[in-house]
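These notes concern the structure reproduced below.
Chain naming here is simple, since letters A, B, ... match the order of the sequence lines and numbering starts at 1 in each. The figures that follow rest on heavy atoms only: side chains count, while hydrogens, waters and symmetry mates do not.
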Amino acid sequence: MGDKLNLQRQSFLGAGSEIVLGRSRAALVGLGGGGSHIAQQLAHIGLGNFLVIDSDFIDDTNLNRLVGATMEDVRLGTAKIDIAERVIKAVNPAAETIKRRANWTEVTAELRDVDVIFACVDSIGCRSELEGFARRFLIPLIDIGMDVHESSGEFSISGQVMLSMPGKPCMRCMGLVTDEALAKEAARYGAAGGKPQVVWPNGTLASIAVGLFMKLVTPWETHKVTPLLLEYDGDLQTVAPSNKLAYLPAYCKHFDSLNELGDPFWTPDALAVVE
Amino acid sequence: MRTILKLTATLYDDLVQRLREPHDFAGERVAFLKCRPALSATSLLLLAGGVHHVENEDYVNDPTAGATVGRSGLRKVLQAAYMEAVSIVHVHLHEHRGRPRFSKTDLRENALFVPDFWNVQPSLPHGAVVFSFDSAVGQCWIPGSPSPSGVEVAIVGSPMRCTWKVTNG
Ligand SMILES: [Zn+2]
């Protein structure tokens with residue numbers, strides 16, 4: 001007993017898995033419907049180090065899907081990062097949680113230190129910028145997204161989980177980010193009303209995302225190649241590797257230059273500050 | 001402050017394959033990683049984006065050393081460092097499992113030639129890393145610091161492999 005998380009039932013992950021998980025560090029960008037699910041699961045599996053980033057406070061429209069949030073939080077207007085930290089610490093008090101109530105672009109020094117970034121953000125522009133950052137510092141990025149479409153009076157739920165691995169196909173390679181989609185999004189900017197979001201598709205996508213993370217950090221088998229893009233059909237309730245995978249290039253041509261790596265404004269003077 | 005060399009699994013696999021190719025007389029091969037540096041909240045990151053391989057004819061036949069790169073070979077690396085504005089990390093492979101160690105000769109040679117890269121890229125860190133099949137150790141010379149610091153290595157792929165998370169030493 002005591003305050004230490006007992007991970008006996010997941011010992012099949014390997015003899016050193018508890019230590020590896022304890023030393024691993026993940027960033028969660030966005031602590032809404034998707035990110036809050038991921039935070040909870042990562043706490044349960046024994047991740048040792050969290051960086052949680054979100055500039056938002058909870059409001060009453062979030063309670064239908066934000067894991068760990070309470071009616072009292074809505075009344076108080078609690079920051080989403082504080083709810084995430086509370087959930088993490090309640091499961092695993094030993095976990096280190098760095099929380100930043102900010103846009104991720106204001107937290108780049110800390111973000112460079114993580115092993116994996118979870119992108120749980122709404123817009124195509126934002127996930128594309130975050131991927132550019134992750135590639136620059138050779139950090140795998142796991143992106144989740146869900147959508148509800150309306151056509152002739154009926155609704156359809158879909159979504160996807162993508163592993164953006166440095167050197168491998170990126171969101172542009174996979175057609176998740178296109179100039180057309182970015183332009184369309186920019187034109188819509190500021191339009192009233194949020195996109196529809198519900199708890200159960202987020203839970204499915206978050207679980208797949210955590211599964212991808214576990215295969216990176218403490219794989220339980222090494223023979224099956226994990227698909228880089230998984231598609232969720234919320235109407236049929238299925239998740240399957242994307243058909244696009246068959247047509248992808250082996251390597252990404254969008255981020256293949258030395259100039260896309262590291263500090264664009266490197267100066268050794270900055271070293272003195274770190275030491 | 002920690003120093004971490006990061007490279008993709010794709011680049012690493014290609015590197016190891018090339019380092020293991022037999023040579024007519026050189027006992028081992030070496031290569032040079034072309035990196036760009038960055039600072040994080042806690043670490044100096046060396047982000048590898050390419051490999052400068054040593055051509056067969058640029059090894060010199062010296063029975064006292066495993067691999068010796070001749071003057072023309074070194075000149076080519078220095079030129080690459082200058083032209084592409086990169087940090088250079090010298091790499092070679094010890095073909096065993098477990099934590100590798102630099103030999104005395106390695107340490108002496110590192111101290112001689114690594115700071116030479118400051119002649120062409122004075123503001124960048126440069127280093128040397130020796131890999132085993134499942135681990136690595138390294139040294140990095142950081143501008144303004146007279147003695148080298150240790151280097152940890154992270155191979156970014158599926159699975160992720162990091163020297164500081166290896167639990168069997
Ligand atoms: Zn691409």
Side-chain angles (χ1 to χ4, degrees), chain A residues 14-25 51 98 107-116 135-140 163 165-168 212-219 222 225-226 228 250-251 255-275, chain B residues 1-14 33-52 80-81 83-87 118 121-125 140-145 149 154-169:
Chain A
S17 60
E18 192 169 338
I19 293 171
V20 171
L21 284 164
R23 291 181 189 173
S24 293
R25 183 176 293 275
L51 171 60
I98 301 174
V107 193
T108 56
E110 285 98 339
L111 258 181
R112 291 173 191 194
D113 270 330
V114 305
D115 298 306
V116 174
R135 295 271 167 154
R136 182 168 282 284
F137 300 99
L138 297 181
I139 303 168
L163 169 60
M165 178 60 79
K168 302 281 185 192
L212 289 175
F213 173 79
M214 294 302 282
K215 284 207 98 172
L216 293 185
V217 177
T218 58
T222 52
V225 178
T226 317
L228 296 176
Y251 303 106
F255 298 98
D256 68 345
S257 146
L258 267 168
N259 291 331
E260 322 251 6
L261 284 177
D263 246 323
F265 308 107
W266 166 264
T267 153
D269 300 342
L271 285 163
V273 183
V274 178
E275 278 167 327
Chain B
M1 188 181 65
R2 299 161 69 187
T3 301
I4 302 171
L5 169 70
K6 295 181 85 174
L7 63 164
T8 64
T10 314
L11 196 148
Y12 170 80
D13 291 341
D14 176 60
L33 289 175
K34 297 187 280 190
C35 307
R36 285 283 166 81
L39 284 172
S40 70
T42 66
S43 306
L44 167 62
L45 307 173
L46 297 172
L47 303 150
V51 187
H52 178 97
M83 297 298 289
E84 298 179 65
V86 283
S87 286
W118 281 336
Q121 287 300 345
S123 72
L124 299 183
C140 181
W141 276 258
I142 296 166
S145 176
S149 54
I155 297 164
V156 179
S158 193
M160 308 278 286
R161 287 166 279 176
C162 312
T163 51
W164 65 95
K165 285 180 197 151
V166 175
T167 48
N168 55 5

For the residue pair A/Asp113 and B/Ser40, what are the closest heavy atoms and their distance? OD1-OG, 2.5 Å
Salt bridge (Lys or Arg N to Asp or Glu O under 4.0 Å) partners of A/Arg135, counting only residues at least two apart: A/Glu131
Flag the pair A/Ile139 / B/Lys6 as yes when at least one side-chain heavy-atom distance between them is below 4.5 Å, and no otherwise. yes
Heavy-atom pair of closest approach, residues B/Gly49 and A/Leu258: CA-CD2, 3.8 Å
With respect to chain A, which residue among B/Ser158, B/Ala9, B/Ala48, B/Pro37 yields the maximal number of heavy-atom pairs within a distance under 4.5 Å? B/Pro37
When the 4.5 angstrom heavy-atom criterion is applied to A/Phe137 and chain B, the contacting part is both
Whether the side chain of A/Arg112 engages the backbone of B/Leu39 through a donor-acceptor N/O pair (distance < 3.5 Å, no angle test) should be reported. yes
For A/Trp266 and B/Ser123, indicate whether the former's side chain and the latter's backbone hold a donor-acceptor pair under 3.5 Å. yes
Looking at every non-hydrogen atom in both residues, tell me the closest pair between A/Pro219 and B/Pro159 and how far apart they are. CG-CB, 3.7 Å
Less than 4.5 Å apart, side chain to side chain, heavy atoms only: is that true for B/Thr10 and A/Lys168? yes
Nearest-0.5 Å distance that lies between atom CG in B/Leu7 and atom CG in A/Leu138: 8.0 Å
Using a cut-off of under 4.5 Å for heavy-atom pairs, which of A/Val116, A/Leu212, A/Leu261 has the most such pairs with chain B? A/Leu261
Could you report the tightest heavy-atom contact between A/Asn259 and B/Arg36, atom names first, then the distance? OD1-NH1, 3.0 Å
Relative to chain B, which segment of A/Ser24 carries a heavy atom at a distance below 4.5 Å: side chain, backbone, both, or neither? both
Interface moiety of B/Leu47 toward chain A, non-hydrogen atoms closer than 4.5 Å: both
Heavy-atom pairs under 4.5 Å with chain A are the metric here; pick the option from B/Pro125, B/Ala85, B/Gly157 that has the most. B/Gly157
Relative to chain B, which segment of A/Asp256 carries a heavy atom at a distance below 4.5 Å: side chain, backbone, both, or neither? neither
Heavy-atom proximity to chain A below 4.5 Å, by part of B/Ile4: neither
Residues passing the side chain to side chain contact (heavy atoms under 4.5 Å, CB included) test with A/Glu18, sequence neighbours excluded, are A/Lys4, A/Leu7
